[in-house]
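Quick caveat, the model's predicted, so the values are computed rather than measured. The analysis underlying the following values was restricted to heavy atoms, covering all of them including side chains, and did not include hydrogens, waters or symmetry mates. Reminder, nothing fancy here: chain letters follow the sequence lines and each chain counts from 1.
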Number of protein chains: 2
Amino acid sequence: MDRDLTMKDIAEKADVSVATVSRVLNNTKPVSSELRKKVLDIVKKTGYKPNALARSLIKQRTGTIGVIIPDMDNETFADLIKGIELITDKNDYVILVTNTMGEVKKELKMFNLFEEKRLDGIIFSGVSLTEKHIDFFERYKIPTVVVGQTFNKLDFPSVTIDNFQASFDITEYLIDLGHKDIAMIRGPIYDIQAGKERLLGFKTALRENNYPVNKDFIVEGDFTINSGYKAMEKIWRNELKPTAIFSASDKMAIGALNYCLDHGLKVPEDISIVGFDDMELATAVRPTLTTIHQDQVEKGIKTAEILLDLIEKEENESYNIQLPYTLIERDSTCKRKK
Amino acid sequence: MDRDLTMKDIAEKADVSVATVSRVLNNTKPVSSELRKKVLDIVKKTGYKPNALARSLIKQRTGTIGVIIPDMDNETFADLIKGIELITDKNDYVILVTNTMGEVKKELKMFNLFEEKRLDGIIFSGVSLTEKHIDFFERYKIPTVVVGQTFNKLDFPSVTIDNFQASFDITEYLIDLGHKDIAMIRGPIYDIQAGKERLLGFKTALRENNYPVNKDFIVEGDFTINSGYKAMEKIWRNELKPTAIFSASDKMAIGALNYCLDHGLKVPEDISIVGFDDMELATAVRPTLTTIHQDQVEKGIKTAEILLDLIEKEENESYNIQLPYTLIERDSTCKRKK
DNA sequence: CTGTTAGCGCATTCAC
DNA sequence: GTGAATGCGCTAACAG
């Protein structure tokens with residue numbers, strides 16, 4: 001490959017100084033229209049493109065932000081990124097995405113890489129905070145915003161929904177339908193928001209209605225369809241059968257639904273099932289799934305907006321933004337049969 | 001934010017020259033273990049991280065590659081990226097991902113940005129080639145590989161599956177089950193691989209078995225669930241009803257399936273349905289979907305491997321790699337009832 | 001083995 | 001308005 005064209009080359013061809021070329025390219029200082037045209041012509045003719053590396057080196061800004069998520073194969077995160085990209089693209093930033101698959105080692109590797117590449121900011125989600133993470137962020141001050149979770153030890157702005165309240169609401173919805181024996185397929189407890197908070201909302205709703213919390217009716221899954229299937233299998237082994245299932249994610253709900261369908265149980269006649277997230281999957285299956293809708297794209301948008309504010313206005317407050325959610329009633333739930 | 005620590009700072013603190021610091025950091029030339037230790041200690045204590053921008057400026061390599069896809073919300077592309085990342089990560093590259101949503105303008109913007117940022121290579125998929133694209137690539141010689149499609153005008157290496165043959169196979173599979181009246185929900189024709197090739201395979205299989213190709217039995221969708229639903233609706237309006245449906249994507253197949261389910265048609269008893277891709281969705285629905293399985297992660301891996309070869313070995317051949325596929329028989333198909 | 005020096009490509013003083 | 005010179009942080013000759 002030939003050597004890249006540089007500003008010097010353009011300057012020589014246009015018979016001006018590099019400073020002038022720089023000025024017309026960046027509109028940073030007045031240049032006579034004559035020289036401007038001359039430079040622009042050469043630039044167009046040669047297809048010259050400024051070297052962003054050199055520019056970043058001087059300006060101390062790279063125009064790229066790093067995004068760390070567990071797995072973009074999960075529609076939830078894919079949507080989140082789309083929201084982020086909507087905003088970053090509009091502001092001429094670019095995103096460096098990485099899937100950590102929950103591996104702490106990979107997370108730390110990426111954090112380091114982000115630092116070396118001098119990214120302007122970081123967005124991350126689903127990271128389980130270790131001592132090393134804390135060390136990193138205490139030393140390296142970079143604009144950062146967290147999405148879908150919060151940290152107590154580190155004060156980054158965060159955007160989430162009120163997982164506790166949403167779970168509470170959908171549990172009460174089941175209770176209002178007359179259900180008493182409600183089982184929950186929960187996520188891992190170390191996932192504060194989608195695991196712990198949703199479980200808490202569920203339990204609290206039961207308690208406030210004076211229903212007992214039956215330990216056998218709470219089974220853990222890992223948010224996959226398969227784990228939902230397995231969890232349902234376990235729940236159904238109990239003497240007492242629930243008439244409703246609250247799953248902490250749509251995927252696990254689909255797993256539970258399939259278990260029912262595969263074993264001759266009618267949904268919702270025999271058993272009502274609700275999910276959480278409102279992924280595309282929720283309306284792709286039959287019966288369609290009653291669930292909590294949250295707008296991931298919007299979440300990404302908000303997150304990116306906050307980050308860009310942090311970067312450009314150098315604000316430095318820490319706050320948590322809660323986005324709205326809605327309960328969407330579909331065909332997987334009905335009143336308890338007497 | 002304080003000024004970053006530089007190599008000069010480290011050199012001063014360790015009382016050596018910057019060259020020495022550079023040498024221990026890059027293991028590029030022998031350094032006495034005494035000095036090496038001294039430098040390493042300071043680096044560790046201060047948390048110094050080299051500036052990748054400055055390094056890239058010299059080495060003419062950024063260690064980042066650009067990935068352009070239509071929409072990573074599509075599991076297909078999400079998996080592809082995961083495959084790519086598996087390889088790039090292992091080789092200490094990083095990827096810049098962008099969703100173009102099919103907008104040519106965005107594609108061109110990103111190509112330009114990639115050039116300015118001096119990325120080491122580009123992978124793209126689902127791009128509809130315009131004159132401007134061609135101009136770009138003729139001027140800017142950057143290692144590039146295409147996935148999921150091929151170009152005749154530009155000779156980039158590409159990795160695909162044999163869409164024609166796969167479609168042919170699954171159509172014959174339906175024919176072997178005794179189906180004669182088979183409808184197809186196809187994709188847009190400008191999508192050479194997933195649209196045109198799959199349609200061709202279908203038609204060819206019918207012709208080779210001396211079945212007529214019924215125009216009313218070929219309806220176009222856009223690969224979404226909803227378009228599959230609509231397409232099925234249209235197909236079912238015909239006087240003659242098909243006993244089997246071949247959909248060019250799982251999503252459209254699910255749409256068709258839902259139309260059937262919503263209108264009292266039994267699948268597969270009344271009508272057999274097959275999809276294409278074998279996404280997670282294919283086993284999430286009931287009945288589970290007979291489909292063509294292709295391994296997107298593997299596709300991403302192969303693609304990235306080829307690109308890295310291109311970059312590091314500066315090879316420059318153009319070839320097309322076809323990955324294997326398999327027909328997976330599930331519950332959405334059965335023999336035609338007499 | 002180690003240090004000095006010259007750029008990588010650009011933006012930005014500072015003179016004119 | 002314009003040009004010459006300085007340096008962003010680093011690597012790679014080049015000497016020693």
> Could you tell me whether B/Val16 contacts a base, only the sugar-phosphate backbone, or nothing, with contacts defined as non-hydrogen atoms closer than 4.0 Å?
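It contacts sugar-phosphate atoms only.
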> Indicate whether any N or O donor in one side chain lies under 3.5 Å from an N or O acceptor in the other, for A/Ser158 and A/Gln149.
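A/Ser158 vs A/Gln149: no donor-acceptor pair found between side chains.
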> If I take atom CE in residue A/Met7 and atom P in nucleotide D/dG3, what distance separates them, rounded to the nearest angstrom?
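Atom CE in A/Met7 sits about 12 Å away from atom P in D/dG3.
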> Between atom NZ of A/Lys38 and atom OG of A/Ser32, what is the distance when rounded to the nearest 0.5 Å?
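Atom-to-atom, A/Lys38:NZ and A/Ser32:OG are 8.5 Å apart.
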> Hey, are B/Lys82 and B/Asp89 close enough for a salt bridge, meaning a charged N less than 4.0 Å from a carboxylate O?
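Result for this pair is no, no salt bridge flagged.
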> Thinking salt bridges, do B/Lys37 and B/Asp41 make one under a 4.0 Å N-O criterion?
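Looking at B/Lys37 and B/Asp41, the cut-off is met.
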> Hey, where on DNA chain C does chain B first and last touch, going 5' to 3'? Cut-off is any atom under 4.0 Å from a heavy atom.
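Extent of the interface on DNA chain C: C/dC1 to C/dG9.
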> Roughly how bent is the helix from C/dC1-D/dG16 to C/dC16-D/dG1 end to end, in steps of 10 degrees, with each end axis from five pairs?
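Terminal axis comparison yields 40°.
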> Indicate yes or no: at least one non-hydrogen side-chain atom of B/Glu138 is less than 4.5 angstrom from one of B/Lys153.
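In short, these two side chains do not touch, never coming nearer than 4.5 Å.
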> Could you state the atom-to-atom distance from NZ of B/Lys8 to C1' of D/dG9 in whole Å?
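After rounding, the gap between these two atoms is 10 Å.
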> Can you find a heavy atom in the side chain of A/Leu96 that is under 4.5 Å from one in the side chain of A/Lys117?
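Yes, at least one pair of side-chain atoms sits under 4.5 Å.
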> Rounded to whole angstrom units, what separation is found between the CD1 atom of B/Ile58 and the P atom of D/dG9?
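After rounding, the gap between these two atoms is 13 Å.
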> Show the numbers, then the answer: is there a ring-ring contact (aromatic ring centres under 6.0 Å, His included) between A/Phe114 and A/Tyr140?
CA-CA 11 Å; A/Phe114 286 179; A/Tyr140 183 44; 9.7 Å; no
> Under a 4.0 Å heavy-atom cut-off, which of residues 27-51 of chain B touch DNA chain C?
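Heavy-atom contacts with DNA chain C come from B/Pro30, B/Val31, B/Ser32, B/Leu35.
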> How close or far is atom C1' of D/dC10 from atom CG of B/Leu25, stated in whole angstroms?
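My rounded result for the distance is 11 Å.
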> Using a 4.5 Å cut-off on heavy atoms from C-beta on, say whether the side chain of A/Pro50 contacts that of A/Arg55.
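Yes; the side chains approach each other to less than 4.5 Å.
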> Can you name the one residue among A/Thr150, A/Ile306, A/Thr303, A/Asn320 that meets side chain to side chain contact (heavy atoms under 4.5 Å, CB included) with A/Pro157?
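Answer to the side chain to side chain contact (heavy atoms under 4.5 Å, CB included) test with A/Pro157 among A/Thr150, A/Ile306, A/Thr303, A/Asn320: A/Ile306.
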> To the nearest 0.5 Å, how far apart are CD in B/Gln296 and OG1 in B/Thr76?
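That separation rounds to 5.0 Å.
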> Under the criterion side chain to side chain contact (heavy atoms under 4.5 Å, CB included), which of B/Arg118, B/Glu116, B/Glu115 is the partner of A/Asn51?
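Result for side chain to side chain contact (heavy atoms under 4.5 Å, CB included) with A/Asn51: B/Arg118.
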> Within the structure, does a side-chain N or O atom of A/Gln60 lie under 4.0 Å from either OP1 or OP2 of D/dG9?
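For D/dG9, OP1/OP2 do have a side-chain N/O of A/Gln60 under 4.0 Å.
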> Measure from NZ on B/Lys59 to C1' on D/dG9 and round the result to the nearest Å.
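Result: 14 Å.
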> Nearest-Å distance, CZ (A/Arg23) to C1' (D/dG3)?
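Atom-to-atom, A/Arg23 to D/dG3, this comes out as 7 Å.
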